[in-house]
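In the text below, chain A, chain B and the rest are named by the order of the sequence lines, each starting its count at 1. No hydrogens, no waters, no symmetry mates; every other heavy atom, side chains included, goes into these values.
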Amino acid sequence: QVIDGRGWRTGAPVEKREIPMYYLRITQYAEELLAALDRLPEWPDRVRAMQENWIGRSEGVNLAFPYDIGGQKGTLAVFTTRADTIMGVTFVAVAAEHPLAELAAGRDAGVRAFVDECRRGSIMEADLATIEKKGIATGLTVRHPLTGAEVPVWVGNYVLMAYGEGAVMGVPGHDERDFAFAKKYGLPVIRVIDVGGQPYSTDAWQPWYAEYGRCVNSGAYDGLEYAAATDAIARDLEEKGLGRKQVVWRLRDWGISRQRYWGCPIPIIHCPACGDVPVPDDQLPVRLPEDLVPDGSGNPLGKSKAFLDVPCPKCGAAARRETDTMDTFVDSSWYFFRYASPGNDAAMVDSRANYWMPVDQYIGGIEHAILHLLYSRFWTRVMRDCGLTDVDEPFQRLLTQGMVLNEIWFRRPATGRITYHDPANVEASGEGEARTGVLRSDGQPLEYGGVGTMSKSRRNGVDPQALVERYGADTARLFTMSNVPPEHTFEWSDEGVEGAFRFMKRLWKLVHAHVEGGPAAKPEPDALDGAARELRRQVHQALVKVGDDIGRRRMFNTAIAAAMELYNALAAYQDRSAQGRAVMQEALDLVVLMLSPIVPHATQAMWRALGHSTLLVDERWPEPDAAALVKDTIEIVAQVNGRLRARISVPAAADESAVREKALADPGVAKFVEGRPVRKFIYVPGKLVNVVV
RNA sequence: GCCCAGGUGGCGGAAUUGGUAGACGCGCUAGGUUCAGGUCUUAGUGCCGAGAGGCGUGGAGGUUCGAGUCCUCUCCUGGGCACCA
């Protein structure tokens, strides 16, 4: 295929040239890759939706328009998802690269010029969407597959050669783009669908024209709805040998050849006699020469005779080694299998991979949602079908972590390049539109560019090393996890780092203040007074919450918030009696354990200070004491007509009638009931009551 | 155009199954400590109101004893795909 040669990492663009391309047939797996998305419940919906769109399954009908052009007979194939509108076809349009366009171009200079112009246009798909829809009549006609009527063939610059058949049937009556095209070039518009009796006029397009409805002006199909009409039309086409139902995919095969030196070589040898011959197994892997220096004049491999000149593995004649290398996504599609088979120099993977795979928890940026994650799913299935693994899916649970954003500050001099400045060197004030700042070093104002992803070019990155040096690695970890759930983007804030640092210092001081009082005993739950028992309950409650947040919900921010809340309760606890100190010792031990996954270094030092000689990494996650969680009295929220009016305290064992009596007796409730009859009494055990009057 | 995720105090966010909206942190206010600033520390902090109380999760309706959460419509923001036939 002819491709653009601007794939070089170094050097100027080269001329378009004919080069072989290597494809992996990912489209063969399209159906399975799509269907299996439903079996990935622990992937984010967003990622699954993106893959679904990318694979892009469309059900429709493939139909053929027969032609006889100067004695040359054939059929023009077209794919449509709206076969029910087939009786409204007034033209067909083909892509500039379509054989029929080429045929017409050979007979007509005007068509030639138009086709060449289309081919010179941008290949960027985003540009294609915005360019003006243009076309030219080829002078050729094809026959409608059902009516036999003559239908003119146009070349349209909006028709994609790469999707479907590279040709579309034009139904101006019910397709907005075809409508505009027909209006522009004076083609007839026929109405063949009635959408619930809505008005129809060929003067202007209305959104409902494209909706599903009943066939009209369609002969035998009149009155049929979409599904029935499609079935009937597909059946009639099939009888004539001119069509059948078809599924079309947006997904394309994966072109993996890259014209780059530094990549995994494609193991093919080109022999003048035998053609493209695979490198035999005993000569694999093909190793890249490591002594070549790119000089900007093309692929260095193309100039290395030692690499290029090889005998043909089949016939032994002089042959040439392929210089294209593989897309880097090839390597990243199975590295995780290889991690599970370390040291094996005889095979790609071995049985150990079946034990470890699939990856339990995969973490990556959202930018990998489609390419890397889809290629890996494809590659894993290929390995399965080659007998290399038993698994279908490489990644069981997926977490797409968010990016860290920071402010962007810059100056745009009258001449010269825009310069960016590190937000750390900016004295800023105001919010949003009113945000202004000056550079500390010269006191002169800067322009504010909003917040954006951190990048070297914008100089708004935060160096983790500087944070580690100033606050320690634990504070840096605590801060980055304490703001938002891991999949959210978040804005960097120096004040936030200070807050995390402050918490670490407070906890440290609390631990050491406690330790100075000497060794503490184990708490005796039955001997505790009310305050001690309540504190102990809070400790074990927090342990449940933090364990769930880290282990199941992966909400590290709320886990940290729960630990901070517990710290606040501990700091307010003043009982220095033997039992009071025993409860405090247990509480600090548990706080240190629950924070250890997040701030491992500081908690290890605190753990030792608290009298333990073990390493925290060897400790198990502590079990909450179920007995400590039990409350003697509970607080019940009392509502009147759904509005909060009082909080009442009742024994945990109280039944509904006791709660009702206490609620109605409460002055805050009584005030709003005021002798009016109670129409309804809602009781949610342990939580609330609602008095409806 | 289609698909997805969002919209909650001054800010980041919490509210897990329809049941106390605003946890936790930042910021801010006042006090203590200090010669002063910072650190540290105590108290307060959704809005209106002297109070009682009222209002409050983008907007408008609805379901319900009860809605940030469910339903309908709508506005806005971010992301993905996009001449896809």
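Set against A14(B), C55(B), A85(B), the side chain of R643(A) has C55(B) as its closest nucleotide. In this structure, the nucleotide among C24(B), C4(B), C81(B) sitting nearest to the side chain of I370(A) is C81(B). Checking C4(B), G12(B), C84(B) against the side-chain heavy atoms of L160(A) singles out C84(B) as nearest. For I682(A), counting side-chain heavy atoms from C-beta on, the closest listed nucleotide (A85(B), A82(B), C65(B)) is C65(B). The side chain of D549(A) approaches U16(B) more closely than any other nucleotide in the set C65(B), C24(B), U16(B). Distances were taken from every side-chain heavy atom of R645(A) (C-beta onward) to each of A15(B), G53(B), A82(B); the shortest belongs to G53(B). Here G12(B) is the nucleotide among C65(B), G12(B), A15(B) with the atom lying nearest to any side-chain atom of V484(A).
The distance between atom CD1 of I55(A) and atom P of A82(B), rounded to the nearest whole Å, is 14 Å. In this entry the distance linking CG of L644(A) with C1' of G54(B) reads 14 Å, nearest Å. Per the geometry, CD belonging to Q574(A) stands 13 Å off C1' belonging to U41(B), to the nearest Å. Protein atom CZ of R506(A) is 12 Å distant from nucleotide atom C1' of U42(B), rounded to whole Å. Remark: P of C84(B) and CD of E59(A) are 19 Å apart, rounded to the nearest angstrom. Residue W154(A) contributes atom CH2, which lies 18 Å from atom C1' of A85(B) at whole-angstrom precision. Put simply, CE on M555(A) is 15 Å from P on A23(B), counting in whole angstrom units. Put simply, CD on Q639(A) is 13 Å from P on C65(B), counting in whole angstrom units.
U33(B) is unpaired under the Watson-Crick or G-U wobble criterion, no partner having all donor-acceptor distances under 3.5 Å. In a base pair of the Watson-Crick type (N1 to N3 plus N6-O4 or O6-N4) or a G-U wobble (N1-O2 and O6-N3), with each distance short of 3.5 Å, U45(B) is matched with G27(B). Look at C65(B): its Watson-Crick or wobble partner, with both distances under 3.5 angstrom, is G19(B). The base-pairing partner of C2(B), taking Watson-Crick or G-U wobble contacts with both distances under 3.5 Å, is G80(B).
Relative to the six-membered ring of W54(A), R250(A) meets both conditions, a distance below 6.0 Å and an angle of at most 45° to the axis. A cation-pi arrangement is not found for R643(A) relative to F672(A), the charged atom failing to lie both closer than 6.0 Å to the ring centre and inside a 45° cone about the ring normal.
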ask   = What's the verdict on ring pair (Phe, Tyr, Trp, His ring centres under 6.0 Å) for F91(A) and Y185(A), showing C-alpha distance, side-chain angles and the deciding distance?
value = CA-CA 11 Å; F91(A) 67 99; Y185(A) 294 107; 9.0 Å; no
key: Stepwise ring pair (Phe, Tyr, Trp, His ring centres under 6.0 Å) test for Y471(A) and F479(A)   = CA-CA 11 Å; Y471(A) 300 105; F479(A) 169 62; 9.4 Å; no
message = Determine whether W254(A) and F329(A) satisfy the following criterion, ring pair (Phe, Tyr, Trp, His ring centres under 6.0 Å), listing intermediate values before the conclusion.
response = CA-CA 10 Å; W254(A) 177 14; F329(A) 279 116; 7.3 Å; no
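Residue contacts shown for G499(A) are limited to sugar-phosphate atoms, with no base heavy atom under 4.0 Å away. Within 4.0 Å of V159(A), counting heavy atoms only, lies at least one base atom of the nucleic acid. Backbone-only contact: T81(A) has heavy atoms under 4.0 Å from sugar-phosphate atoms and none from a base. Residue-level contact check: R502(A) touches the backbone only, with heavy atoms under 4.0 Å from sugar-phosphate atoms and none from bases. Residue contacts shown for P44(A) are absent, as no nucleic acid heavy atom lies under 4.0 Å away.
Here the closest heavy-atom approach between residue M161(A) and residue A95(A) is recorded as N-CB, 3.8 Å.
Base orientation of G51(B): anti (glycosidic angle beyond 90° from 0).
K680(A) contributes no side-chain N or O that forms a donor-acceptor pair with the base of U64(B) under 3.5 Å. On a pure distance criterion of 3.5 Å, no polar donor-acceptor pair joins the side chain of N53(A) and the base of C81(B).
Taking atom C1' on both C76(B) and U57(B), the two are 16 Å apart, rounded to the nearest angstrom. Between the C1' atoms of G56(B) and A21(B), the separation comes to 9 Å (whole Å). If you take atom C1' in U34(B) and the same atom in G51(B), they sit 39 Å apart, rounded to whole Å. Between the C1' atoms of G9(B) and G22(B), the separation comes to 7 Å (whole Å). For the C1' atoms, the distance linking G12(B) with A67(B) amounts to 25 Å, nearest Å. Atom name P, nucleotides U63(B) and A50(B): the rounded distance is 37 Å, in whole Å. Separation of the C1' atoms belonging to C26(B) and G61(B) is 38 Å when rounded to the nearest angstrom. Annotation: C71(B) and U64(B) have their C1' atoms spaced 12 Å apart (nearest Å).
Between E534(A) and K631(A) there is no salt bridge, since none of the side-chain N atoms of the basic residue sits less than 4.0 Å from a carboxylate O of the acidic one.
Put simply, R177(A) has a side-chain N or O that comes within less than 4.0 Å of OP1 or OP2 on C84(B). Between N568(A) and G25(B), a side-chain N or O to OP1/OP2 separation shorter than 4.0 Å is present. Look at N557(A) and you'll find a side-chain N or O under 4.0 angstrom from OP1 or OP2 of A14(B). An OP1 or OP2 oxygen of C84(B) is reached within less than 4.0 angstrom by no side-chain nitrogen or oxygen of R82(A). Residue R250(A) places at least one side-chain N or O under 4.0 Å from the OP1 or OP2 atom of A82(B).
With RNA chain B read from its 5' end, the first of the two nearest nucleotides for M564(A) and Y567(A) is the one closest to M564(A).
H372(A) and F395(A) have tilted rings, their planes meeting at an angle from 30° to 60° on a 0 to 90° scale.
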